[in-house]
J.: 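Have a look at this one.
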Amino acid sequence: MEIDAAASGAVLKRERVRDAVLELIEDRRPGDAIPSERTLCAELGVSRPTLRAAIDELVVAGLLVREHGRGMFVAAEKITQELLSDRRAFSLPQAAGAWTSRLLEVRTLPAGARVGRKLRMSPAAQIHYVARLRLVDGSPMAIEYLHVPADLVSDLTSEELEQGDLYEHLGERHDVRVSEAVQSIEPTVVTRAEADLLDVPELSPALLFERLTTDTRGRPVEYVHSLYRGDRYRIVSRLTLGPRDQAPPPGEGHHPGIPPGDFATKDPVTLSTRGVVQGGM
């Protein structure tokens with residue numbers, strides 16, 4: 001698959017604007033105003049359409065509220081429900097298909113305030129920033145943005161970022177062994193530039209993943225957020241609600257909301273959320 005350079009550049013520029021506005025949001029309380037579009041365009045050095053694309057995404061995600069004639073305000077905090085897995089079985093089968101990556105951008109740069117808070121490091125400390133397009137069996141599935149502390153991983157090669165499991169590479173080549181991850185998932189829609197990269201119509205539904213991974217010593221080793229196609233990706237959570245008296249009779253194991261049969265063989269990629277995720281999904 002050939003990557004559209006214009007679409008890639010537009011996505012990366014919007015991503016930087018989105019991070020800057022997110023930093024403004026995180027420094028404020030619900031109901032607080034953020035600067036006007038004109039002010040933000042001047043401060044960030046971007047055009048009004050680029051800024052609006054990032055703002056629109058944050059409005060759809062429920063982080064900002066637009067009030068006609070008044071401006072933009074930090075939205076009320078979301079209600080969060082945490083699902084706990086059985087920590088004795090803290091593992092996750094790899095999502096179906098052959099996963100590969102196409103690199104959009106690789107840089108080493110200061111973490112900045114927002115990412116620094118996520119990774120518990122100084123804003124001036126260096127990180128590896130990676131933007132990549134994730135593919136399954138050659139078809140685009142997700143856009144992923146990785147942030148890895150440079151003091152833990154001195155260098156990440158193109159081979160490590162494009163092939164195989166990133167967490168396995170971290171353990172085998174950099175002696176960084178992941179232990180746990182906290183991940184959130186929210187619904188969203190794709191922008192025009194994201195749609196071009198993912199080969200879907202503009203405003204198609206998508207899943208927004210945000211994940212912080214720590215190693216066996218409790219150190220943050222990766223902060224990542226990813227945009228996954230909603231038409232090809234779904235999540236099935238297996239929850240243990242209580243002890244089972246006996247195994248269900250054959251043919252009677254179907255639960256409402258989960259299609260009968262072997263869903264792993266269907267077209268959508270299925271991910272069972274029993275624990276920590278596989279590197280880069």
Side-chain angles (χ1 to χ4, degrees), residues 4-80 104-105 107 109-119 121-125 127 129-131 143-147 184-198 200-212 223-228 230:
D4 186 324
S8 172
V11 168
L12 295 173
K13 181 180 288 187
R14 181 206 51 76
E15 179 65 19
R16 295 188 185 101
V17 174
R18 175 184 177 276
D19 280 348
V21 178
L22 272 174
E23 193 164 318
L24 292 175
I25 292 172
E26 292 181 356
D27 287 340
R28 288 163 168 77
R29 296 180 178 181
D32 287 350
I34 69 169
S36 67
E37 288 187 357
R38 178 179 299 180
T39 300
L40 289 174
C41 285
E43 290 180 353
L44 301 176
V46 297
S47 66
R48 187 69 66 90
T50 297
L51 176 69
R52 283 184 175 170
I55 294 292
D56 288 344
E57 179 181 336
L58 296 173
V59 170
V60 170
L63 299 176
L64 282 176
V65 175
R66 273 198 181 100
E67 294 190 12
H68 184 69
R70 294 191 62 218
M72 297 174 292
F73 300 84
V74 178
E77 293 183 357
K78 295 185 179 182
I79 298 173
T80 302
L104 303 176
E105 185 175 14
R107 291 193 296 157
L109 71 168
R114 179 172 174 272
V115 174
R117 282 195 296 268
K118 300 284 187 183
L119 293 173
M121 61 193 305
S122 166
I127 63 166
Y129 168 80
V130 180
I143 305 170
E144 189 172 70
Y145 305 93
L146 299 164
H147 308 78
S184 65
I185 309 168
E186 298 182 32
T188 187
V189 296
V190 298
T191 63
R192 178 177 299 178
E194 291 165 344
D196 290 342
L197 285 177
L198 293 174
V200 296
E202 184 180 1
L203 300 181
S204 293
L207 294 172
L208 179 65
F209 288 74
E210 186 173 19
R211 181 172 74 250
L212 180 65
Y223 166 61
V224 58
H225 62 273
S226 315
L227 188 72
Y228 278 72

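Residues: numbered from 1 along the sequence shown.
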J.: Is the shortest side-chain heavy-atom distance between Val130 and Glu105 below 4.5 Å?
T.: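 Sidechains of Glu105 and Val130: no contact.
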J.: Please name the pair of heavy atoms, one in Cys41 and one in Leu51, separated by the smallest distance, quoted to 0.1 Å.
T.: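 Heavy-atom minimum between the residues: SG-CD2, 3.6 Å.
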J.: Would you say Arg28's side chain and Ala33's backbone share a donor-acceptor pair under 3.5 angstrom?
T.: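 Side chain of Arg28 to backbone of Ala33, a donor-acceptor pair under 3.5 Å: yes, one is there.
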J.: Out of curiosity, Leu12 CG to Ile143 CD1, how far, rounded to the nearest 0.5 Å?
T.: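 Here the interatomic distance stands at 9.0 Å.
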J.: With a 4.5 Å cut-off on side-chain heavy atoms, are Leu104 and Val11 touching?
T.: no
J.: Verify side chain to side chain contact (heavy atoms under 4.5 Å, CB included) between Ile127 and Leu109, making sure each step is shown before the conclusion.
T.: CA-CA 6 Å; Ile127 63 166; Leu109 71 168; 4.1 Å; yes
J.: So Leu208 and Pro187, do their side chains get closer than 4.5 Å, heavy atoms only?
T.: no
J.: Specify the closest pair of heavy atoms between Thr191 and Ala53, including all atoms of both residues, with the distance to one decimal.
T.: CG2-O, 4.5 Å
J.: Please tabulate, for the side chains in residues 57-65, all donor-acceptor contacts under 3.5 angstrom to protein atoms that are two or more places apart in sequence or on a different chain.
T.:
{"from": "Glu57", "atom 1": "OE1", "to": "Arg14", "atom 2": "NH1", "distance (Å)": "2.6"}
{"from": "Glu57", "atom 1": "OE2", "to": "Arg18", "atom 2": "NE", "distance (Å)": "3.0"}

J.: Kindly indicate whether the side chain of Leu40, heavy atoms from C-beta on, has any atom under 4.5 Å from the side chain of Ile34.
T.: yes
J.: Evaluate Thr188 against Leu207 for side chain to side chain contact (heavy atoms under 4.5 Å, CB included), listing each step before the verdict.
T.: CA-CA 6 Å; Thr188 187; Leu207 294 172; over 6 Å; no
J.: Val115 vs Tyr145, test: side chain to side chain contact (heavy atoms under 4.5 Å, CB included). Steps then yes/no.
T.: CA-CA 12 Å; Val115 174; Tyr145 305 93; over 6 Å; no
J.: Restricting to side-chain contact (heavy atoms from CB on, under 4.5 Å), what partner residues turn up for Ser184, sequence neighbours left out?
T.: Glu210
J.: Mind listing the closest non-hydrogen atom pair of Ala10 and Ala193 along with its distance?
T.: CB-CB, 3.7 Å
J.: State whether the number of non-hydrogen atoms from other residues, nucleotides or ligands found under 6.0 Å of Arg107 atom CZ is greater than 12.
T.: yes
J.: Looking only at non-hydrogen atoms, find the nearest pair between Ala75 and Pro30 and report the distance.
T.: O-CB, 3.6 Å
J.: Can you confirm whether more than 12 heavy atoms, excluding those of Lys118, are under 6.0 Å from its NZ atom?
T.: yes
J.: Quick one: NE2 on His225 to CG on Asp19, what's the gap to the nearest 0.5 Å?
T.: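 Going from NE2 on His225 over to CG on Asp19, the span is 5.5 Å.
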J.: Got a donor-acceptor contact below 3.5 angstrom from the Asp32 side chain to the Arg29 backbone?
T.: yes
J.: Is there side-chain contact between Glu43 and Leu24, with at least one heavy-atom pair below 4.5 Å?
T.: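 Side-chain contact under 4.5 Å: no.
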J.: Just wondering, more than 12 heavy atoms not from Arg192 lying within 6.0 Å of its CZ?
T.: no
J.: Going through the checks in order, is the side chain to side chain contact (heavy atoms under 4.5 Å, CB included) test met by Leu227 and Glu194?
T.: CA-CA 9 Å; Leu227 188 72; Glu194 291 165 344; 3.3 Å; yes
J.: Given the rule in the side chain to side chain donor-acceptor pair (under 3.5 Å) test, do Tyr223 and Arg117 qualify, once you have shown the distances and angles that lead to the verdict?
T.: CA-CA 10 Å; Tyr223 166 61; Arg117 282 195 296 268; over 6 Å; no
J.: Would you compute the distance between atom OG of Ser36 and atom CE of Met72 and round it to the nearest 0.5 angstrom?
T.: 7.0 Å
J.: Please enumerate all residues that pass side chain to side chain donor-acceptor pair (under 3.5 Å) together with Ser122, with sequence neighbours excluded.
T.: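 Result, side chain to side chain donor-acceptor pair (under 3.5 Å) vs Ser122: none returned.
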J.: Closest approach of Glu23 and Ala113, non-hydrogen atoms and distance?
T.: OE2-CB, 3.2 Å
J.: Specify the closest pair of heavy atoms between Tyr228 and Ser226, including all atoms of both residues, with the distance to one decimal.
T.: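 Heavy-atom minimum between the residues: CE1-CB, 3.4 Å.
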